[in-house]
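Every value quoted in this text rests on a predicted model; they were computed, and no experiment measured them. Note that ligands are numbered from 1 as they come in the structure, with each ligand's atoms numbered from 1 the same way. One is the number of the first residue; the rest follow in order along the sequence.
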Amino acid sequence: MPGADGMQNGFVPHLVRIVAVHDEAPDVRTLRLEFVDPEAGRQFRWEAGQFGEFSVFGFGEAVFTLANAPTRPGYIECTTRAIGKLTGALRNLSAGQTLGFRGPYGNRFPVEEWRGKHLVFVGGGSGRSPCGPRCSTSSTPARTTARSSC
Ligand SMILES: Cc1cc2nc3c(=O)[nH]c(=O)nc-3n(C[C@H](O)[C@H](O)[C@H](O)COP(=O)(O)OP(=O)(O)OC[C@H]3O[C@@H](n4cnc5c(N)ncnc54)[C@H](O)[C@@H]3O)c2cc1C
């Protein structure tokens, strides 16, 4: 949501709703999230490599990489590994339930400088999350070959 100066304000919290759940591995899950306020969703912009602060109500907050390509706005995705209190609680949520979200934060990857180059992304476990948006934003129109295993 823009601030008074018209710039996006990453400190404003939003409600996001889980609209799809995809299990990548027994302890790794991808959530697709839509902003409850559609206008906030339309205006939200981020860059490949950035992350967000997610709230699981009653448990706390944790940061997760924004795992979908910023060239496809309208929703956000995060891929999380259940390793503790908050990520375990997140694992128990299902489609229709809401989370808190604010962001984006962190540095972006210089994907424009990578355009046309041969790129190899290596990530393990939930560390695969940042690889998705990097592949999607840096490969067009070059051919992308993705190999993924869990
Ligand atoms: C910039 C950034 C981006 C991140 N992106 C993602 C992401 O996309 N997906 C994701 O799943 N996680 C990501 N993380 C890690 C995530 O924030 C933590 O896993 C989360 O805060 C753990 O909270 P918890 O309450 O579930 O665990 P806690 O209850 O706080 O921790 C339980 C135990 O797990 C250990 N632990 C904590 N984090 C990890 C970890 N990552 N791996 C192994 N052991 C750990 C703790 O030391 C503790 O012993 C990111 C972290 C940062 C800093």
Side-chain angles (χ1 to χ4, degrees), residues 1-3 7-37 40-115 117 119-140 144-150:
M1 186 65 77
M7 301 291 286
Q8 180 166 272
N9 183 347
F11 295 104
V12 173
H14 297 282
L15 278 179
V16 291
R17 180 170 287 118
I18 301 170
V19 294
V21 174
H22 178 73
D23 286 331
E24 313 283 353
D27 59 351
V28 179
R29 174 169 281 183
T30 296
L31 301 179
R32 179 173 291 201
L33 303 154
E34 286 182 358
F35 287 74
V36 169
D37 175 359
R42 271 191 291 277
Q43 293 183 358
F44 182 69
R45 293 288 180 274
W46 76 98
E47 304 269 5
Q50 291 191 294
F51 61 94
E53 183 89 49
F54 293 78
S55 306
V56 180
F57 300 116
F59 290 90
E61 293 185 317
V63 295
F64 302 120
T65 302
L66 292 163
N68 57 314
T71 50
R72 296 170 204 153
Y75 64 91
I76 53 174
E77 289 182 340
C78 62
T79 299
T80 66
R81 182 170 169 228
I83 51 92
K85 189 179 165 209
L86 183 129
T87 49
L90 189 59
R91 177 84 193 177
N92 292 327
L93 299 184
S94 51
Q97 292 186 279
T98 52
L99 301 175
F101 171 79
R102 58 193 162 86
Y105 303 123
N107 294 325
R108 65 181 193 91
F109 294 106
V111 289
E112 284 303 321
E113 294 170 23
W114 297 346
R115 199 170 291 274
K117 297 182 179 169
L119 305 170
V120 177
F121 300 102
V122 180
S126 53
R128 290 173 58 228
S129 302
C131 298
R134 272 183 280 173
C135 284
S136 315
T137 49
S138 56
S139 64
T140 309
T144 300
T145 303
R147 177 175 296 174
S148 179
S149 59
C150 296

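- Residue Phe64 holds the heavy atom nearest to atom 12 (N) of ligand 1 of all those in Phe64, Phe54, Tyr105.
- Using a 3.5 Å distance cut-off with no hydrogens or angles, the side chains of Thr30 and Glu24 do pair a donor with an acceptor.
- Distance check: Glu53 CD to Phe64 CZ gives 9.0 Å after rounding to the nearest 0.5 Å.
- For ligand 1, the atoms lying closer than 4.0 Å to a non-hydrogen atom of Thr80 are 9 (N), 10 (C), 11 (O).
- Counting only non-hydrogen atoms, the option in Ala62, Ala82, Gly106, Gly49 that gets closest to atom 21 (O) of ligand 1 is Ala62.
- A 4.5 Å side-chain heavy-atom check between Arg29 and Thr87 finds every atom pair outside the cut-off.
- At least one N/O-N/O distance between Val63 and ligand 1 falls below 3.5 Å.
- If you look at Phe44 and Phe101, their ring centroids are closer than 6.0 Å.
- A donor-acceptor pair under 3.5 Å links the side-chain atoms of Gln8 to the main chain of Arg45, judged by distance alone.
- For atom 8 (O) of ligand 1, the candidate residues are Val56, Asp27, Thr30, Thr65; the nearest heavy-atom contact is made by Thr65.
- Considering backbone and side-chain N/O of Leu86, one or more are found under 3.5 Å from N/O of ligand 1.
- Look at Glu34 and Arg17 and you find no salt bridge, because none of the NZ, NE, NH1 or NH2 atoms lies under 4.0 Å from a carboxylate O.
- Where the criterion is an N or O separation shorter than 3.5 Å, residue side chain and backbone included, Arg81 meets it with respect to ligand 1.
- Proximity of Phe51 to ligand 1, defined as any heavy-atom pair under 4.0 Å, is confined to the side chain (atoms from C-beta onward).
- Between Thr71 atom OG1 and Glu47 atom CD the span is 11.0 Å, to the nearest 0.5 Å.
- Here atom 39 (C) of ligand 1 lies nearest to Ile83 when heavy atoms of Thr79, Thr87, Ile83 are compared.
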